[in-house]
Undergrad: 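Sharing a structure here in structure tokens format.
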Amino acid sequence: MKTRSRFGVFAVTFAVVYSAVYYVALYNNWPLFSYGPAVAQWTLFNHSASDGPTMYWYGWIATSAIVGALAGLVACWLPGNPGGRMWSGLAWLVPLCSIAAIAHLLSGYFTR
Amino acid sequence: MWIALVITHGLLAFLLLGAITHQVVSVWAPVRSGAGNFVARFRAVGSANYVNAVIVLYLVTAALGSVIYTNYRITARLTLEQGHFWKSFGAFELKEHLIAIGLAMLPAYWYFWRPSLEASDARTRRLLTTLIAFIVWWAFLAGHVANNIRGLGT
């Protein structure tokens with residue numbers, strides 16, 4: 001098997017780590033920041049808006065993207081490029097598992 | 001302004017839907033010989049030509065959706081909750097998470113659509129494309145249903 005390029009290693013690692021971290025961030029509510037749309041208020045980490053609902057979705061994406069990008073950069077710059085032999089199927093399998101886990105979390109809405 | 005944004009978001013989503021559907025059909029049922037009828041021509045498109053368009057449309061549509069989402073959160077979502085439209089509500093909740101997971105796969109999707117792909121990675125390309133197509137279809141339908149229940153600006 002040919003060793004994957006550094007960008008290929010980054011891309012697969014990013015898909016794997018981002019998807020897994022997104023589920024963890026969602027499950028534990030670990031957003032990098034929060035937003036209150038009624039009062040246009042941004043706050044760092046998990047803080048309720050002073051009025052109206054609070055949105056964490058942007059923050060979960062930011063948390064996952066940063067962790068995924070850092071993991072991808074580390075993986076693609078490791079000496080000897082060990083990530084180059086990583087199974088490429090992880091790039092769809094881990095996101096698929098994350099989707100299944102999130103669907104399970106939300107299953108209550110479909111069974112009411 | 002919100003209505004114009006929703007319509008633009010819907011049109012971009014429609015373009016994305018067309019591009020990714022062409023691609024997913026062509027990777028699962030490619031046409032080997034000359035394309036005769038409409039279905040065969042649909043399957044016979046040059047899938048690789050759609051990659052950059054799919055990525056740009058996905059990013060622009062998601063970015064626009066994320067702006068509209070702030071309005072949805074304080075208007076339409078309340079209607080869905082108060083009307084007990086739980087299945088539509090859940091479908092929209094799932095949509096936002098699917099879109100976020102789709103963002104994770106875009107670099108890999110681009111990478112595995114390079115012309116110099118190894119044969120062993122062809123299945124990865126096919127399944128990444130299929131998963132992104134599923135996400136786009138789910139997002140389109142869930143958004144459409146939510147908008148039918150309580151359109152923005154109404």
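So that the names make sense, note that chain A is the first sequence line, chain B the second, and so on, each numbered from 1.
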Undergrad: B/Leu106 versus chain A, heavy atoms under 4.5 Å apart: side chain, backbone, both or neither?
TA: neither
Undergrad: If you group Ile, Leu, Val, Met, Phe, Trp and Tyr by side-chain heavy-atom gaps below 4.5 Å, do B/Leu141 and B/Leu15 land in one group?
TA: yes
Undergrad: Check for me whether A/Arg6 meets the cation-pi criterion with A/Phe10, that is, NZ or CZ under 6.0 Å from the six-membered ring centre and within 45 degrees of the ring axis.
TA: no
Undergrad: Would you call the rings of B/Phe92 and B/Tyr72 parallel, tilted or perpendicular, taking 30° and 60° as the class edges?
TA: parallel
Undergrad: With a 4.5 Å cut-off on heavy-atom pairs, point out which of B/Ile74, B/Ile135, B/Ile101 contacts chain A the most.
TA: B/Ile101
Undergrad: Counting the benzene-type ring for Trp, do B/Trp86 and B/Phe89 have ring centres under 6.0 Å apart?
TA: yes
Undergrad: Looking at A/Ala65, A/Gly36, A/Pro95, which makes the most heavy-atom pairs under 4.5 Å with chain B?
TA: A/Pro95
Undergrad: Looking only at heavy atoms, which of residues 18-27 of chain A get nearer than 4.5 Å to chain B?
TA: A/Tyr18, A/Ser19, A/Tyr22, A/Leu26
Undergrad: Using a 3.5 Å distance criterion without hydrogens, assess whether the side chain of B/Thr61 forms a donor-acceptor pair with backbone atoms of B/Tyr58.
TA: no
Undergrad: Does either side chain, that of B/Thr130 or that of A/Trp92, offer a donor lying less than 3.5 Å from an acceptor on the other one?
TA: no
Undergrad: In this structure, would A/Leu78 and A/Leu70 fall into the same cluster of hydrophobic residues linked by side-chain contacts under 4.5 Å?
TA: no
Undergrad: List the steps and the verdict of salt bridge (charged side-chain N to carboxylate O under 4.0 Å, His left out) for B/Glu93 and B/Arg77.
TA: CA-CA 10 Å; B/Glu93 290 288 298; B/Arg77 185 174 148 140; 2.7 Å; yes
Undergrad: Go through the atoms of A/Ser98 and report whether side chain, backbone, both or neither lie under 4.5 Å from a heavy atom of chain B.
TA: side chain
Undergrad: Please output the residues of residues 101-111 of chain A in contact with chain B, using a heavy-atom cutoff of under 4.5 Å, in numerical order.
TA: A/Ile102, A/Ala103, A/Leu106, A/Tyr109, A/Phe110
Undergrad: Report the C-alpha separation of B/Thr124 and A/Trp87 in whole Å, then their side-chain angles, then the decisive distance to 0.1 Å, and conclude whether the side chain to side chain donor-acceptor pair (under 3.5 Å) test is met.
TA: CA-CA 9 Å; B/Thr124 297; A/Trp87 179 50; 5.5 Å; no
Undergrad: With a 4.5 Å heavy-atom cut-off, do A/Val94 and A/Val17 have their side chains touching?
TA: no
Undergrad: Taking heavy atoms only and a threshold strictly under 4.5 Å, list by residue number the residues of residues 39-64 of chain A that touch chain B; give 'none' if the list is empty.
TA: A/Pro53, A/Thr54, A/Met55, A/Trp57, A/Tyr58, A/Trp60, A/Ile61
Undergrad: Keeping B/Thr70 on the side-chain end and B/Val67 on the backbone end, is there a donor-acceptor pair under 3.5 Å?
TA: yes
Undergrad: Heavy-atom distance under 4.5 Å to chain A: side chain of B/Tyr109, backbone, both or neither?
TA: neither
Undergrad: What's the shortest heavy-atom distance between A/Val16 and A/Ala91, and which atoms?
TA: CG2-N, 4.4 Å
Undergrad: Whether the side chain of B/Arg114 engages the backbone of B/Tyr111 through a donor-acceptor N/O pair (distance < 3.5 Å, no angle test) should be reported.
TA: yes
Undergrad: Residues two or more places apart in sequence or in another chain: which of them pass ring pair (Phe, Tyr, Trp, His ring centres under 6.0 Å) with B/Trp110?
TA: A/Phe7
Undergrad: Heavy atoms only, distances under 4.5 angstrom: which of B/Gly90, B/Ala104, B/Ser66 has the most pairs with chain A? Name it, please.
TA: B/Ala104
Undergrad: Of the backbone (N, CA, C, O) and the side chain (C-beta and beyond), which part of B/Leu94 lies under 4.5 Å from a heavy atom of chain A, both, or neither?
TA: both
Undergrad: Is there a side-chain contact between B/Trp113 and B/Thr129 (heavy atoms, below 4.5 Å)?
TA: yes
Undergrad: Would you name the heavy atoms of A/Gly68 and A/Phe14 that are closest together and state the gap between them?
TA: C-CD1, 3.4 Å
